[in-house]
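Notes follow once the structure below has been shown.
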Amino acid sequence: FGPVGNERYKQYLKDIHASGEHLISLLNDLLDLSKIEAGKLDLNFASLDLNELTQQCVAIMQPQANRERIIIRTSLSPRLPQVMADARSVRQIVLNLLSNSIKFTVAGGQVIVSTAIADNGEVVLRVRDTGIGMSEKDLATALQPFRQIATTTRARSGGTGLGLPLTKALAEANHATFNIKSTPKEGTLVEIAFRGARLLAAQ
């Protein structure tokens with residue numbers, strides 16, 4: 001098409017770059033899942049400010065939400081105790097949950113991200129959306145690696161089927177519990193509860 005400065009070349013480079021990033025992301029997900037299953041995932045447990053990390057992840061995903069005309073709302077509990085967790089994998093958990101919620105929520109919908117202290121002292125991260133939701137059968141499928149539910153909601157669900165299974169595995173590797181509830185046409189709620197928060201708060 002002539003000189004390298006041609007706009008079509010720039011678009012091709014963007015497409016190649018995006019494809020490369022997608023492939024790297026897939027390979028990293030596969031490696032992490034394999035390491036978790038083999039008990040070989042290296043985690044660096046340290047005191048972690050979950051509110052700060054969550055705000056960083058929301059900022060990263062905000063442009064995507066804006067493109068899809070989806071509102072992200074946050075409700076972060078003040079004076080939230082820090083948790084003992086691995087920052088890299090917790091960041092991946094939050095990004096995965098936000099990405100899923102945005103992907104399966106129609107334009108005009110909402111994603112609500114919140115943190116709270118449970119009655120038992122656990123620090124709980126919640127990601128709720130007003131998306132298409134899932135039946136119990138769909139939910140069981142979505143939690144299996146490489147399985148995806150059939151959906152007609154916007155032609156942008158081209159994932160790998162690793163998002164939820166990897167998120168659940170990463171949560172459990174951080175000694176946290178993973179819980180998901182979903183209702184068709186109403187949305188989905190995912191809760192990640194980190195144990196030991198009460199002890200950390202008392203220190």
Side-chain angles (χ1 to χ4, degrees), residues 24-62 72 74-104 111-129 134 139-147 159-182 188-203:
I24 290 172
S25 176
L26 171 59
L27 291 173
N28 285 335
D29 285 354
L30 285 168
L31 285 170
D32 282 346
L33 199 57
S34 297
K35 287 178 181 178
I36 292 171
E37 290 177 347
K40 301 292 185 182
L41 184 66
D42 292 326
L43 298 178
N44 181 24
F45 285 89
S47 186
L48 177 66
D49 185 331
L50 187 61
N51 278 352
E52 182 179 348
L53 185 144
T54 299
Q55 287 174 323
Q56 292 171 357
C57 292
V58 169
I60 290 171
M61 298 303 298
Q62 190 66 62
I72 300 181
T74 57
S75 177
L76 307 181
S77 175
R79 299 190 301 276
L80 194 74
Q82 296 201 334
V83 298
M84 289 298 294
D86 173 69
R88 185 190 71 83
S89 57
V90 173
R91 183 175 291 105
Q92 188 172 359
I93 288 170
V94 180
L95 289 173
N96 283 357
L97 292 178
L98 288 172
S99 177
N100 259 14
S101 288
I102 293 170
K103 184 185 297 183
F104 294 108
V111 176
I112 302 97
V113 186
S114 63
T115 57
I117 306 172
D119 292 339
N120 61 2
E122 292 180 333
V123 171
V124 183
L125 167 73
R126 297 185 177 95
V127 178
R128 181 193 302 272
D129 63 59
M134 293 177 280
L139 194 52
T141 298
L143 286 169
Q144 296 177 38
F146 308 108
R147 297 289 301 278
T160 60
L162 286 175
L164 278 181
L166 179 58
T167 301
K168 182 175 185 292
L170 286 172
E172 292 170 351
N174 276 278
H175 310 303
T177 57
F178 173 98
N179 187 46
I180 183 169
K181 299 176 183 176
S182 193
T188 300
L189 167 65
V190 178
E191 294 183 338
I192 310 290
F194 295 88
R195 297 196 299 270
R198 180 180 295 167
L199 293 176
L200 283 172
Q203 291 178 353

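This one's a predicted model, so the numbers in the text were calculated from it and none came from an experiment.
Judged by distance alone, the side chain of Ser77 and the main-chain N or O of Ala116 form no donor-acceptor pair under 3.5 Å.
Distance check: Arg126 CZ to Glu191 CD gives 4.5 Å after rounding to the nearest 0.5 Å. Rounded to the nearest 0.5 Å, atoms CG (Leu164) and CZ (Phe178) are 5.0 Å apart. The structure places CG of Leu80 at 12.0 Å from CD of Glu52, a figure rounded to the nearest 0.5 Å. For the atom pair CD (Glu122) and CD1 (Ile192), the distance works out to 11.5 Å, reported to the nearest 0.5 Å. Of the inter-residue distances, the one linking Gln62 atom CD with Ile72 atom CD1 reads 4.5 Å to the nearest 0.5 angstrom. Taking CD of Gln92 as the reference point, atom CG of Leu170 lies at 5.0 Å (rounded to 0.5 Å).
The side chain to side chain contact (heavy atoms under 4.5 Å, CB included) with Leu98 is formed by just one residue from the set Thr54, Ile93, Asp129, Val111; it is Val111. Among Leu95, Leu48, Leu43, the one residue that satisfies the side chain to side chain contact (heavy atoms under 4.5 Å, CB included) test with Val90 is Leu48.
Under the 4.5 Å side-chain criterion, counting only non-hydrogen atoms from C-beta, Leu97 is not in contact with Val113.
No side-chain donor-acceptor contact under 3.5 Å links Ser75 and Ser114. Counting only N and O atoms by type, the side chains of Asn96 and Ser99 include no donor and acceptor under 3.5 Å apart. The closest side-chain donor-acceptor pair between Ser89 and Asn174 falls under 3.5 angstrom.
Closest non-hydrogen pair, Leu53 versus Ala87, comes out as CD1-O, 3.7 Å. Residues Pro81 and Ile117 come closest through the heavy atom pair CD-CD1, 3.4 Å.
Taking the side-chain contact (heavy atoms from CB on, under 4.5 Å) definition, one finds that Gln55 meets it with Leu76, sequence neighbours left out.
Aromatic ring centroids of Phe45 and His175 lie under 6.0 Å apart.
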